[in-house]
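Keep in mind it's a predicted model, so treat the numbers as computed, not measured.
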Amino acid sequence: MPGEYEPHEKCWMLWPERPDNWRLNAAPAQKAFSQVAQAISKFEPVAMGVSKHQLETARNALPPEIEIVHIESDDAWIRDTGPTFVKNDNNDVRGVNWDFNAWGGLDGGIYFPWDKDTGVARNVLTHEKIDQYKACLILEGGSIHTDGQGTLITTEECLLNPNRNPDLSKIQIENHLKEYLNVEKIIWLGKGVFMDETDGHVDNLCCFIKPGEILLHWTDDKTDPQYEISCDAFDRLAGSVDAKKRKLKIHKIHQPGPLYMTEEESLGVEKRPNVAPRNEGNRLAGSYVNFYIANGGIVMPLFDDPHDKAAMEKIKTLFPDRIVTGIYAREILLGGGNIHCITQQQPGV
């Protein structure tokens with residue numbers, strides 16, 4: 001599995017529409033997704049998967065350079081439902097099609113049913129005429145990060161959660177990751193961002209910015225529950241070496257907020273059975289780490305928060321050879337994730 005900072009053929013996204021997850025019939029979310037797609041399209045092609053009854057809406061909202069592909073889905077988190085692309089030394093690209101159970105199935109999952117989501121990876125790969133490996137492992141793409149040189153980071157909170165693969169041991173899960181992604185070293189962190197409904201996806205907590213270097217979600221507030229989580233992650237990373245036996249250089253980026261859902265935002269979401277509620281006062285798992293690395297660019301979330309400016313300057317410093325674009329992304333966060341969660345890179349050949 002290549003690192004995200006390696007060259008891309010294109011970026012994949014899915015169009016949001018669920019009124020029981022996105023407020024006001026998803027209109028604000030669709031505007032935010034459109035802005036993200038347009039920002040990424042300045043650096044690489046973007047393909048947007050859209051359901052049949054949203055095709056006209058999406059075409060009217062998106063510029064012509066955004067490719068629209070008919071793909072049915074239950075929601076718009078293609079990082080988790082789409083394929084994980086892998087590449088060999090001959091530049092052959094294939095896709096791993098993981099099992100998916102909506103972040104926990106009937107034991108803490110976000111919604112039911114999720115049958116359309118289980119077809120997203122296959123449909124993307126079929127559209128691209130790319131062969132697939134069907135993996136017998138429940139896994140979301142946001143739960144793993146790789147450096148492209150044999151190292152993978154993940155969290156125990158997610159991959160060892162009994163609502164994912166209760167019949168598999170830690171060693172068996174590691175073996176699946178090594179076999180499908182050709183990684184040699186797996187670094188296990190403890191928990192993800194506080195109150196992250198994905199059960200602690202690593203892509204909201206930290207990421208590789210280059211081989212041997214990691215960016216970590218941080219807070220200086222010792223009374224915040226996130227402080228202990230981030231300190232534990234820092235200690236585990238600092239005590240690890242990667243697959244090439246390098247000590248990791250760790251950069252910290254301060255979290256926004258904390259951020260909470262307002263009454264107005266909650267009232268705009270339809271309440272339905274078998275769907276996680278969006279309630280006033282819910283803490284939102286906001287993170288500046290949840291950005292997308294494009295060809296020559298970074299598209300990162302902003303929250304109209306006092307930490308926005310420093311976060312953007314930090315990203316510019318860490319990626320001096322890329323153009324950094326900030327997108328106001330609260331509407332994406334309200335749905336349970338952010339820019340990295342709604343994108344999936346397809347490696348270049």
**Student:** Do Val193 and Ile229 have side-chain heavy atoms sitting under 4.5 Å apart?
**Tutor:**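 Side-chain contact under 4.5 Å: no.
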**Student:** Strictly distance-based, threshold 3.5 Å: is any side-chain N or O of Asn295 a donor or acceptor partner for the main-chain N or O of Pro7?
**Tutor:**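 Between the backbone of Pro7 and the side chain of Asn295 there is no qualifying donor-acceptor contact (under 3.5 Å).
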**Student:** So, using side-chain contact (heavy atoms from CB on, under 4.5 Å) as the criterion, who are the partners of Lys247 when residues are at least two apart?
**Tutor:**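 Lys247 satisfies side-chain contact (heavy atoms from CB on, under 4.5 Å) with Val241 only.
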**Student:** Name all residues meeting the side-chain hydrogen bond (donor to acceptor under 3.5 Å, both in side chains) criterion together with Thr118; count only those two or more places apart in sequence or in a different chain, and write none if there are none.
**Tutor:**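 Thr118 satisfies side-chain hydrogen bond (donor to acceptor under 3.5 Å, both in side chains) with no residue once adjacent residues are dropped.
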**Student:** Under the rule for side-chain hydrogen bond (donor to acceptor under 3.5 Å, both in side chains), what residues qualify as partners of His8, not counting sequence neighbours?
**Tutor:**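 For His8, the residues satisfying side-chain hydrogen bond (donor to acceptor under 3.5 Å, both in side chains) (neighbours in sequence not counted) are Glu44, Tyr292.
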**Student:** Per the ring-ring contact (aromatic ring centres under 6.0 Å, His included) rule, what does the pair list look like for residues 255-276, sequence neighbours excluded?
**Tutor:**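 Counting only pairs at least two positions apart or across chains, no ring-ring contact (aromatic ring centres under 6.0 Å, His included) contact touches residues 255-276.
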**Student:** Is the backbone of Asp308 close enough, under 3.5 Å, to the side chain of Tyr288 for a donor and an acceptor to pair up by distance?
**Tutor:**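 Yes, because the side chain of Tyr288 sits within donor-acceptor range (under 3.5 Å) of the backbone of Asp308.
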**Student:** If you measure only the distance, is there a donor-acceptor pair under 3.5 Å linking the side chains of Ser34 and Gln38?
**Tutor:**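 There is such a pair between these side chains.
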**Student:** Should we say atom CG of Asp92 is surrounded by more than 12 heavy atoms from elsewhere, each under 6.0 Å from it?
**Tutor:**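 Above 12, so yes.
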**Student:** State plainly whether the residues Glu140 and Arg164 are in salt-bridge range, i.e. N to O under 4.0 Å.
**Tutor:**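 Salt bridge present between Glu140 and Arg164.
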**Student:** Does anything in residues 33-62 form a ring-ring contact (aromatic ring centres under 6.0 Å, His included)? List the pairs, not counting sequence neighbours.
**Tutor:**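 Counting only pairs at least two positions apart or across chains, the ring-ring contact (aromatic ring centres under 6.0 Å, His included) contacts touching residues 33-62 are Trp22-Phe33.
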**Student:** Hey, do the aromatic rings of His201 and Trp77 have their centres closer than 6.0 Å?
**Tutor:**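 Aromatic pair excluded; centres sit 6.0 Å or further apart.
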**Student:** Per the side-chain hydrogen bond (donor to acceptor under 3.5 Å, both in side chains) rule, what does the pair list look like for residues 202-211, sequence neighbours excluded?
**Tutor:**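 Qualifying pairs: Asp196-Asn204, Asp203-His340, Asn204-Asn290.
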**Student:** Quick one: does His254's side chain have a donor or acceptor within less than 3.5 Å of a partner on Asp220's backbone?
**Tutor:**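 Checked: pair present.
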**Student:** Go through the structure and list residues passing side-chain contact (heavy atoms from CB on, under 4.5 Å) with Glu65, not counting sequence neighbours.
**Tutor:**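 Residues passing side-chain contact (heavy atoms from CB on, under 4.5 Å) with Glu65: Ser41, Pro63.
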**Student:** Roughly how far, to the nearest 0.5 Å, is CD1 of Ile71 from CG of Asp117?
**Tutor:**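 One gets 11.5 Å once the value is rounded to the nearest 0.5 Å.
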**Student:** Would you call Asp99 and Lys134 a salt bridge, using N to O less than 4.0 angstrom?
**Tutor:**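 So Asp99 pairs with Lys134 through a salt bridge.
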**Student:** Out of curiosity, does Ile187 fall in the hydrophobic cluster containing Leu152 (side-chain heavy atoms, cut-off under 4.5 Å, transitive links)?
**Tutor:**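 In one cluster: no.
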**Student:** If you compare all heavy atoms of Pro301 against all heavy atoms of Ala329, which two are closest, and at what distance to 0.1 Å?
**Tutor:**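 The answer is CB-CB, 3.7 Å.
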**Student:** Can you tell me if Gln54 uses its side chain to pair, donor with acceptor, with the backbone of Ser51 under 3.5 Å?
**Tutor:**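 Such a contact is absent between Gln54 side chain and Ser51 backbone.
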**Student:** For residues 177-198, which residue pairs pass the ring-ring contact (aromatic ring centres under 6.0 Å, His included) check, not counting sequence neighbours?
**Tutor:**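 Found Trp98-Tyr180.
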**Student:** Which residues pass the side-chain hydrogen bond (donor to acceptor under 3.5 Å, both in side chains) test with Asp305, not counting sequence neighbours?
**Tutor:**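 By the side-chain hydrogen bond (donor to acceptor under 3.5 Å, both in side chains) rule, Asp305 matches His307.
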**Student:** Partners of Lys52 by side-chain contact (heavy atoms from CB on, under 4.5 Å), sequence neighbours excluded?
**Tutor:**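 His70, Glu72.
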**Student:** Could you tell me whether Tyr111 atom OH has more than 12 heavy atoms of other residues or ligands within 6.0 Å of it?
**Tutor:**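 Yes, the 6.0 Å shell around OH holds more than 12 heavy atoms from other groups.
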**Student:** Please indicate whether Lys314 has more than 12 foreign heavy atoms, meaning atoms of other residues, nucleotides or ligands, lying under 6.0 Å from its NZ.
**Tutor:**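 Buried by this count: over 12 neighbours within 6.0 Å.
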**Student:** With sequence neighbours left out, which residue pairs that include part of residues 146-159 fulfil the side-chain hydrogen bond (donor to acceptor under 3.5 Å, both in side chains) condition?
**Tutor:**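 Sorted pair list: Asp147-Thr151, Gln149-Arg246, Glu156-Arg236.
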**Student:** Return the minimal non-hydrogen interatomic distance between Phe85 and Ile130, and the atom names on each side.
**Tutor:**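 Distance-wise, the nearest heavy atoms are CE2-CD1, 3.9 Å.
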**Student:** Quick check: closest heavy atoms across Ala233 and Leu216, and the distance to 0.1 Å?
**Tutor:**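 Looking at all heavy atoms of both residues, the closest pair is CB-CD1, 4.0 Å.
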**Student:** Minimum heavy-atom separation for Val120 and Ile78, please, with both atom names.
**Tutor:**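 Minimum heavy-atom contact is CG1-CG1, 4.3 Å.
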**Student:** For Ala61, check side-chain contact (heavy atoms from CB on, under 4.5 Å) against everything at least two apart and list the hits.
**Tutor:**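 In terms of side-chain contact (heavy atoms from CB on, under 4.5 Å), with neighbours along the sequence ignored, Ala61 is linked to Trp15.
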**Student:** Please report the shortest heavy-atom distance between Ile250 and Ala238, naming the atom on each side.
**Tutor:**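 Closest approach of Ile250 to Ala238, heavy atoms only: CD1-N, 3.6 Å.
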**Student:** Just by distance, with hydrogens left out, do Gln226 and Gln255 show a side-chain donor and acceptor under 3.5 Å apart?
**Tutor:**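 No, Gln255 and Gln226 have no side-chain donor paired with an acceptor closer than 3.5 Å.
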**Student:** Under a 4.0 Å threshold between the charged nitrogen and the carboxylate oxygen, would Glu331 count as salt-bridged to Arg23?
**Tutor:**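 Yes, this pair counts.
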**Student:** Taking NZ in Lys31 as the centre, count heavy atoms belonging to other residues, nucleotides or ligands within less than 6.0 Å. Is the count above 12?
**Tutor:**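 No, NZ of Lys31 has 12 or fewer neighbouring heavy atoms, counting only those of other groups under 6.0 Å.
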**Student:** Sub-3.5 Å donor-acceptor pair from the side chain of Asp20 to the main-chain atoms of Glu270, do we have one?
**Tutor:**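 Side chain of Asp20 to backbone of Glu270, a donor-acceptor pair under 3.5 Å: no, none is there.
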**Student:** Taking atom types as modelled, find out whether Gln346 and Trp12 have a side-chain donor-acceptor pair closer than 3.5 angstrom.
**Tutor:**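 Judged by distance alone, the side chains do pair up.
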**Student:** Which heavy-atom pair separates Glu17 from Ala26 by the least distance, and what is that distance?
**Tutor:**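 Smallest heavy-atom distance, with atoms named: CA-CB, 3.7 Å.
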